[in-house]
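Comments concern the structure below.
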4 protein chains.
Amino acid sequence: MTELKSAKKPTRIQIRNRKRILEAALEVFAQHGYRGATLDQIAEASGLSKPNILYYFTGKEEIHVTLLNKLMDAWLAPLREVDAAGDPLAEILTYVQRKLEMSREFPRESRLFANEILQGAPRIAPHLEAVLRPLVADKAALIQGWVDAGRLAPVDPHHLIFSIWATTQHYADFDAQVRVLMGDGPVFETAEAFLDTLFRRVLEPRPD
Amino acid sequence: MTELKSAKKPTRIQIRNRKRILEAALEVFAQHGYRGATLDQIAEASGLSKPNILYYFTGKEEIHVTLLNKLMDAWLAPLREVDAAGDPLAEILTYVQRKLEMSREFPRESRLFANEILQGAPRIAPHLEAVLRPLVADKAALIQGWVDAGRLAPVDPHHLIFSIWATTQHYADFDAQVRVLMGDGPVFETAEAFLDTLFRRVLEPRPD
Amino acid sequence: MTELKSAKKPTRIQIRNRKRILEAALEVFAQHGYRGATLDQIAEASGLSKPNILYYFTGKEEIHVTLLNKLMDAWLAPLREVDAAGDPLAEILTYVQRKLEMSREFPRESRLFANEILQGAPRIAPHLEAVLRPLVADKAALIQGWVDAGRLAPVDPHHLIFSIWATTQHYADFDAQVRVLMGDGPVFETAEAFLDTLFRRVLEPRPD
Amino acid sequence: MTELKSAKKPTRIQIRNRKRILEAALEVFAQHGYRGATLDQIAEASGLSKPNILYYFTGKEEIHVTLLNKLMDAWLAPLREVDAAGDPLAEILTYVQRKLEMSREFPRESRLFANEILQGAPRIAPHLEAVLRPLVADKAALIQGWVDAGRLAPVDPHHLIFSIWATTQHYADFDAQVRVLMGDGPVFETAEAFLDTLFRRVLEPRPD
DNA sequence: AATGAATGAGAGTTCATTCAT
DNA sequence: TATGAATGAACTCTCATTCAT
């Protein structure tokens, strides 16, 4: 039944409404978490009726999973683009910058992801193992190679990646706290400079 | 009525049961978030009956708020102890170490806090403004002073603090992801070395 | 509007689609009962869309009633054919055989009917009173006449008819149970012999 | 959780309310079938609120299964009591009488069972295989023994049992139809005489 | 201090039916 | 004639909270 619907090519209305729903759901899930979000909220935010939402998605969970899957692709793109042929320091600083950009442009996606991981990754763990793990293993090896070649200061590649994720996503995930502490001033601009400095100092090979 | 309870000094049983409830609730709230947690789960985990829990606490929210308040004190202690009279680099590296320690010792508290902030800090925002803001302002000024005195490499104090929080709490909050990527190997031990190196490189004043 | 449809003579497509719908609905209603059946199931089984089904029938109930009415005609035909001019015992044994045949050929119709009666005949009671009652009264009188004439062993005609219905329809209505108890062996063949013997022994006039 | 409740010995209120619910549910399920029955109806009929019903039973299905299980024990008791040491004809006629009695005393149980079998025994099939099949096999063998010994007229034991079930349960399951055809006159009294005669004629060994 | 019993307010979901084309 | 889209009503079930003891 549902198969049929997704098998046939979707109409314009279907495309539009699925987008609306996902957009609304992203907002709601990001703010309240999976359990905290309600279909009523998504319905209201999307301007569709609750049963109509269930006309497009099998249920609450399918909406959530769809969001997570869409998210992961975009989420990992910057890491994928770290180029073995590029200049090591430049590659990583670019990666940091792009990750920070994503936190600014897509804070809701970041929070959606954070919520999922916080709760033990119940729905996305398989994806992490299948997709994220090999990708990270690959890039960690690349970084290790750079370190071994003396092109980066010695550093644990995995922890380096974690620290990039942590520091960049922080501005999306902990936004409420950041706002309290920094007021209405420019956050991302100063953050960008700070993180550039930080990782430059950490990674620049020094003669010693 | 409620006043009476707090007016009279609590009996031993009261103290014990409130502890049990908070311990159980910490576990449950940290894993499932506020909305995702149920009193039934807390009741089961605490070994008390649901109505009995509501004898000690007005409701679900009060339990949550109590946990958050207790948490904040312990949470900020390491920052409070950053000593203006100490050696700047040592003070901060010690702070990093103590924060990481807290992530290892109290991951549930970290996740509880992360959950709250992720959702926009609806219940803890006042506390952040009243307590956290002045404390951070104070310590940021201290760090700025150290920087100005040339005792630390130039760095934005606020963002520095954020980066410490982000990198240390990451190991508690994103544990599920870290585990997928690092397997069963030692995480905190290598993290400690990594973060020590990281912040040392960032903060050590360099002649140039 | 609805009148128009029945006023004009139906096109070939109409005839074909109504047949499809009724065939599918029979399957679904017989298995799940009136409430348990859904238009979705009927739509899927018939290969038509849900709204299209409602183009041919006013609603779920009309489909059900249509099925019941069609059913009743066929259902009573064997009884109608019990011939006053025939040999009493042979007439009744033939009736038994034909009823059993219908259970084998049309088990879904049997179950549909059983479902309806089980629930108090809410939709078919009028039909029963108007059609079934006089027919049974007539045939009961016929049997009574045969009994009075000594051509059948003395027996209550109404209960005799009930016992014929009960024993023959049992193989359709309680098929699930029969299968559990008789395995995959031949059911209807042995049942036919059994029922022939049974009613023969019951009805054969004996000298006494 | 639920285990705990049923593990501890139930209070008087629990016993009373579970009885009320089962009594009400029997009425509702027997009339409308599993899908057709609603918790609202059961709630109304039992005088309890809907959530309160779910305080005593896990869900709709548990109520249904509980009823079926309770039913089966009582349902099979008469067959169990068919005594190998008794007089064959008397044993069976007594069984017929007791089954008819049950149809009169417990028509709702009979309809509940009929509903379940009609729908393919989705919930009770295992029980049928585990309990009913061996019991019937046992009694069928007993009857076959009586037949072989010439103490009963030759007859297929399985079909004999089916015919007893069919004819006796008919008065409960098809009550709506029987009422239409027999009016307000005595049904069970005449049915008892009829069935006694019927099975006597069928089973009495005849010299031939 | 404790708990069995009860419930109102929703939650997610289903479904017969209607709308619009 | 046909169907994608939409919905109101109802359904099962959950849960924080209250009642009564």
Side-chain angles (χ1 to χ4, degrees), chain A residues 4-5 8 10-14 16-17 35-43 47-63, chain B residues 5 10-14 16-17 34-43 47-63, chain C residues 5 10-11 13-14 16-17 35-43 47-63, chain D residues 4-5 8 10-14 16-17 35-43 47-63:
Chain A
L4 282 180
K5 255 188 294 179
K8 297 189 179 179
T11 66
R12 240 163 277 153
I13 291 183
Q14 275 176 6
R16 190 198 59 190
N17 281 349
R35 283 286 309 265
T38 73
L39 283 184
D40 271 313
Q41 292 172 310
I42 298 173
L48 300 178
S49 73
K50 205 165 32 164
N52 201 17
I53 287 178
L54 296 168
Y55 175 74
Y56 291 101
F57 290 91
T58 308
K60 187 184 179 181
E61 175 140 14
E62 203 204 88
I63 302 176
Chain B
K5 262 189 290 180
T11 66
R12 240 164 274 155
I13 290 184
Q14 280 176 350
R16 189 201 58 188
N17 280 350
Y34 180 72
R35 281 285 307 266
T38 72
L39 283 185
D40 270 313
Q41 291 172 309
I42 298 174
L48 298 181
S49 72
K50 210 165 29 165
N52 202 15
I53 286 177
L54 294 169
Y55 173 79
Y56 290 102
F57 291 91
T58 311
K60 186 182 179 180
E61 174 139 14
E62 205 204 88
I63 303 176
Chain C
K5 258 189 296 179
T11 66
I13 290 184
Q14 280 177 348
R16 189 200 59 188
N17 280 350
R35 282 286 307 266
T38 73
L39 282 185
D40 270 313
Q41 293 172 308
I42 297 173
L48 299 181
S49 74
K50 211 166 28 165
N52 203 13
I53 287 178
L54 294 169
Y55 173 79
Y56 291 102
F57 291 91
T58 311
K60 187 182 179 181
E61 174 139 12
E62 205 204 89
I63 303 177
Chain D
L4 282 179
K5 256 189 294 178
K8 295 188 178 179
T11 66
R12 240 163 277 154
I13 290 183
Q14 276 177 3
R16 190 199 57 189
N17 281 349
R35 283 285 309 266
T38 74
L39 284 184
D40 270 314
Q41 293 172 310
I42 298 173
L48 299 179
S49 74
K50 209 165 28 169
N52 201 16
I53 287 178
L54 295 168
Y55 174 75
Y56 291 101
F57 290 91
T58 308
K60 187 183 177 180
E61 176 141 10
E62 203 204 88
I63 303 177

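Chain letters run A, B, ... following the sequence lines, proteins first, then strands; residues in each count from 1.
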Closer than 4.0 Å, any side-chain N/O of [X] to the OP1 or OP2 of [N]?
| X | N | answer |
| --- | --- | --- |
| A:Gln14 | F:dA5 | yes |
| D:Tyr56 | E:dA6 | yes |
| C:Thr11 | F:dT1 | yes |

Of all the base pairs, Watson-Crick or G-U under 3.5 Å, which form stems of three or more consecutive pairs involving DNA chain E?
E:2-21 with F:2-21
Rounded distance [0.5 Å steps], [atom1] in [X] versus [atom2] in [Y]:
| X | Y | atom1 | atom2 | answer |
| --- | --- | --- | --- | --- |
| A:Ile42 | A:Phe57 | CD1 | CZ | 9.5 Å |
| A:Asp40 | A:Thr38 | CG | OG1 | 5.0 Å |
| D:Leu48 | D:Tyr56 | CG | OH | 7.0 Å |

To check you understand the geometry: which heavy-atom pair defines the closest contact between C:Arg35 and C:Lys60, and what is its length?
O-NZ, 3.7 Å
Restricting to non-hydrogen atoms, name the atom on A:Ser49 and the atom on A:Ala43 that form the minimum distance, rounded to 0.1 Å.
C-CB, 4.2 Å
With D:Ile63, the side chain to side chain contact (heavy atoms under 4.5 Å, CB included) member among D:Ile53, D:Leu54, D:Thr58
D:Ile53
[X] [atom1] to [N] [atom2]: how many Å, rounded?
| X | N | atom1 | atom2 | value |
| --- | --- | --- | --- | --- |
| C:Leu54 | E:dC19 | CG | C1' | 13 Å |
| B:Phe57 | F:dT18 | CZ | C1' | 19 Å |
| D:Ile42 | F:dC13 | CD1 | P | 10 Å |

Assign each of C:Ile13 and D:Gly59 to its nearest nucleotide of DNA chain F by heavy atoms, then name whichever residue's nucleotide is nearer the 5' end.
C:Ile13
If you restrict it to nitrogen or oxygen atoms, what contacts under 3.5 Å exist between nucleotides 7-11 of chain F and the protein, and what is each distance?
from	atom 1	to	atom 2	distance (Å)
F:dT7	OP2	A:Ser49	OG	2.8
F:dC11	OP2	D:Asp40	OD2	3.3

